[in-house]
Trainee: 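Just passing along the structure, written as structure tokens.
Here the structure is a predicted model, which means the values were calculated and not measured. All ligand and atom numbering here is 1-based and tracks the order in the structure.
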Amino acid sequence: MSADPSVPSLAVAQKRVTELHQQLHHHAWRYYALDDPEIPDAEYDRLFAELQAIEQAYPALLTDDSPSQRVGAAPLSAFESVAHAVPMLSLNNAFADEDIIAFDKRVADGLELTAGAAINYFAEPKLDGLAVSLRYEQGQLVQAATRGDGQTGENITANVKTIASVPLRLRGSGWPDVLEVRGEVYMPLREFDAFNKQAAAAGEKTLVNPRNGAAGSLRQLDSRITAARPLAMYCYSVGESSDGAIAASHSESLARLQQWGLRVCPLGKAVSGADGLLAYYQRLGQQRASLDYDIDGVVYKVDDFLQQRELGFVARAPRWAIAHKFPAQEELTELVDVEFQVGRTGALTPVARLKPVFVGGVTVSNATLHNMDEVTRKDIHIGDTVVVRRAGDVIPEVARSLPDRRPANAQPVAMPSACPVCGSHVERVEGEAVARCTGGLVCAAQRKEAIKHFASRKALDVDGLGDKLVEQLVDDGLIESPADLFTLSLEQVSQLERMAVKSGQNLIDALEKAKQTSLPRFLFALGIREVGEATAAALANHYGELSAVMAADERSLQQVPDVGPVVARHIAEFFAEPRNQAVVNALLSQGLAWPPIEKRAPDEQPLLGKTYVITGTLSSMSRSDAKAALQALGAKVSGSVSKKTDGLVAGEAAGSKLTKAESLGVPVLDEAWLLAQTS
Ligand code: 5U1
């Protein structure tokens with residue numbers, strides 16, 4: 001019995017430890033496996049701290065499966081070898097649709113099915129991480145091993161125990177006494193980015209990519225390092241099982257693994273025949289860029305275990321499964337040159353000119369290098385062999401260079417001291433990653449970008465005024481500022497390349513129509529640095545009048561919600577500049593106008609603190625206007641649905657966001673609700 005009254009007796013402590021284990025395992029499962037926590041993080045932390053305190057007072061109560069054991073153990077000198085009781089298989093790869101049609105035929109032939117009989121498959125994403133086998137004995141995680149050569153891997157138990165989504169103890173009942181579960185450990189992309197940002201800020205080494213991040217983290221001899229890495233695991237098959245097969249089919253076995261608390265990728269789907277496989281591949285390919293993990297293809301498996309057994313293996317790969325790979329997202333090529341593009345705010349962006357390379361399904365010859373800090377961080381020289389990455393619809397980028405292959409004549413990348421477009425001085429502000437051309441609207445590049453922004457959909461929304469047309473208008477000297485757009489004559493526009501009288505008249509009509517706008521759109525269209533749609537809406541609501549925004553000083557501007565000192569300075573500097581005042585006045589004299597704003601005090605913002613998502617087509621207003629209207633009522637408008645979303649405003653033909661909202665129980669609101677809020 002302890003003398004300290006704040007420390008419980010051993011018997012009481014033991015009972016409490018059992019309760020805390022149960023609660024912490026349960027809440028970790030809700031949080032990591034189901035992504036649906038029941039209690040706030042702070043409450044979880046409190047329970048965790050309580051367990052740690054008891055374990056410190058009574059070390060005998062510290063067990064291997066304690067939730068506190070995820071923090072990492074003392075370093076090992078080397079990994080032990082582990083022989084897999086059931087080999088970890090590899091998969092044959094396929095790249096073309098024909099390979100999949102041939103696979104389906106081989107399966108049908110192997111099963112001696114009549115021609116045309118559709119086989120039931122299970123299709124699932126192929127994660128780009130590291131394959132790992134988990135061994136549970138009496139429901140407790142006793143060992144985790146890498147795949148190695150498929151027969152023998154390395155014992156990485158201490159490292160895998162730090163992964164919060166790997167249960168240390170299986171849930172429920174009915175699991176075999178010995179159960180080996182296989183799956184992929186990966187690094188979620190958002191957490192990979194956050195990890196690298198933090199590492200770069202601290203001057204530490206960054207991770208090359210999420211896959212290397214996952215593999216490297218699992219290969220640490222010091223599991224405290226692994227514990228600090230954001231890793232997760234999805235399970236996809238069973239190795240040894242003391243009860244034999246745990247189900248009659250692969251899909252049923254995944255459901256059982258899930259019941260036992262193991263995390264299974266929710267995108268797996270039962271499909272039928274080769275058509276079903278190819279349709280799944282197409283769909284997942286479209287979803288790929290929006291996933292929070294890297295995948296490099298799809299795995300198809302014959303679902304029925306008896307059929308799997310009948311088909312058997314060739315060498316180490318099953319005849320009943322195949323990996324259908326996506327086109328590579330990373331390729332090597334030569335960096336031929338680096339040029340600098342000038343953006344709307346004068347920011348100079350280094351752009352890589354590359355020897356054309358086929359990557360992610362397209363030929364890439366240019367890729368962004370973001371800014372000079374990135375060039376330095378990635379150690380990029382002209383002439384280098386570089387890794388080009390293109391994920392889905394994402395803009396291609398140079399992921400890294402290969403300094404080992406650097407030729408003797410490679411050149412470092414230098415920021416020009418004069419703007420490559422207008423020759424104005426280039427300045428780099430202390431503490432900012434970007435360098436800027438100081439030419440303002442004197443610079444043709446900035447003029448073009450400013451006018452493109454002014455006419456863009458979320459700004460004045462001038463129908464038919466695309467980027468190429470703006471470039472022609474500036475290059476031909478017909479316009480210098482957004483205000484000049486409204487002085488264009490039919491004769492001038494119809495003489496432009498690819499324009500005729502009809503298309504010219506359409507453009508003149510669109511410009512006329514765009515004159516009737518809203519104050520938030522007008523403020524956004526001016527292209528003031530750091531003033532996006534939300535800030536423009538907040539400014540309009542706060543001041544009500546353009547003249548008041550223009551007259552506001554930095555102190556006053558900081559009273560506007562979400563406007564801090566930096567944004568306030570950009571706004572005040574913009575309106576203090578005589579050239580900008582002249583453009584605004586010219587626009588007003590051309591007849592740009594908007595309905596008066598009804599100013600709302602914070603206590604008149606009934607949606608303050610709420611977050612909405614808008615999807616589908618609304619009949620009475622554009623999505624941008626709906627967004628501005630909700631923002632004026634104090635709401636935040638986000639682009640993606642999560643459990644934290646207060647409502648999804650769904651118009652006609654709402655797609656995946658509607659499905660997600662329904663699955664998460666997020667209220668679905670219609671246009672009538674929106675109109676009722678905003679009227
Ligand atoms: N999703 C998934 N990835 N993956 C990799 N399933 C899957 N199955 C595999 C492998 C190597 O092998 C099975 C055939 C057991």
Trainee: Salt-bridged, K636 to D646, with N to O below 4.0 Å?
Mentor: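 Looking at D646 together with K636, the answer is no, because their closest N to O distance does not fall below 4.0 Å.
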Trainee: Please list, in number order, the atoms of ligand 1 under 4.0 Å from a heavy atom of L89.
Mentor: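 With L89 as reference, the close atoms of ligand 1 come out as 11 (C).
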Trainee: So which bit of M88 gets within less than 4.0 Å of ligand 1, heavy atoms only: side chain, backbone, both or neither?
Mentor: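 Looking at M88 and ligand 1, no heavy atom falls under 4.0 Å.
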Trainee: Are R400 and E330 within salt-bridge range, i.e. N to O under 4.0 Å?
Mentor: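 Here R400 pairs with E330 in a salt bridge, since their nearest N and O are under 4.0 Å apart.
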Trainee: Salt-bridge test for D109 and K105: reply yes if a basic N is under 4.0 Å from a carboxylate O, no otherwise.
Mentor: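 So D109 pairs with K105 through a salt bridge.
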Trainee: Is it the case that over 12 heavy atoms from other parts of the model lie below 6.0 angstrom from the CD atom of Q198?
Mentor: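 No, not enclosed.
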Trainee: Check this for me: does any side-chain nitrogen of one of K301 and E124 sit under 4.0 Å from a carboxylate oxygen of the other?
Mentor: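 Judged by the 4.0 Å cut-off on N to carboxylate O distance, K301 and E124 do form a salt bridge.
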Trainee: Can you name the atoms of ligand 1, numbered from 1 with element, that are less than 4.0 Å from a heavy atom of P125?
Mentor: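 Answer, ordered by atom number: 1 (N).
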Trainee: List the closest protein heavy-atom neighbour of atom 10 (C) of ligand 1: residue, atom name, distance to the nearest 0.1 Å.
Mentor: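 For this ligand atom, the closest protein heavy atom is L91 CD1, 3.4 Å.
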Trainee: Closest non-hydrogen protein atom to atom 6 (N) of ligand 1, residue and atom name please, with distance?
Mentor: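 Nearest neighbour among protein heavy atoms for atom 6 (N) of ligand 1, to 0.1 Å: K301 NZ, 2.9 Å.
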Trainee: Considering heavy atoms of the protein only, find what lies nearest to atom 9 (C) of ligand 1 and give residue, atom and distance to 0.1 Å.
Mentor: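 Answer for atom 9 (C) of ligand 1: Y236 CE1, 3.5 Å.
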Trainee: Taking NZ, NE, NH1 and NH2 as the nitrogens, is one of them in R390 or E397 under 4.0 Å from a carboxylate oxygen of the other?
Mentor: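 A salt bridge is absent here (no side-chain N lies under 4.0 Å from a carboxylate O).
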Trainee: Give a yes/no verdict on whether any heavy atom in W320 is under 4.0 Å from an atom of ligand 1.
Mentor: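 In this structure, W320 qualifies as a contact of ligand 1 - some heavy atom is under 4.0 Å.
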Trainee: Determine whether L141 and D64 make a side-chain contact, defined as any pair of heavy atoms from C-beta on separated by less than 4.5 Å.
Mentor: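 Answer no - side chains too far apart.
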Trainee: If you count the atoms of ligand 1 from 1 in the order shown, which ones are under 4.0 Å from a heavy atom of S237?
Mentor: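 Taking each heavy atom of S237 in turn, ligand 1 has 15 (C) under 4.0 Å.
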Trainee: Could you list the atoms of ligand 1 found under 4.0 angstrom from a heavy atom of E124?
Mentor: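 The atoms of ligand 1 under 4.0 Å from a heavy atom of E124 are 1 (N), 2 (C), 6 (N).
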Trainee: Say whether R147 and ligand 1 are in contact under the criterion: heavy-atom distance to a ligand atom below 4.0 Å.
Mentor: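 No, R147 has no heavy atom closer than 4.0 Å to ligand 1.
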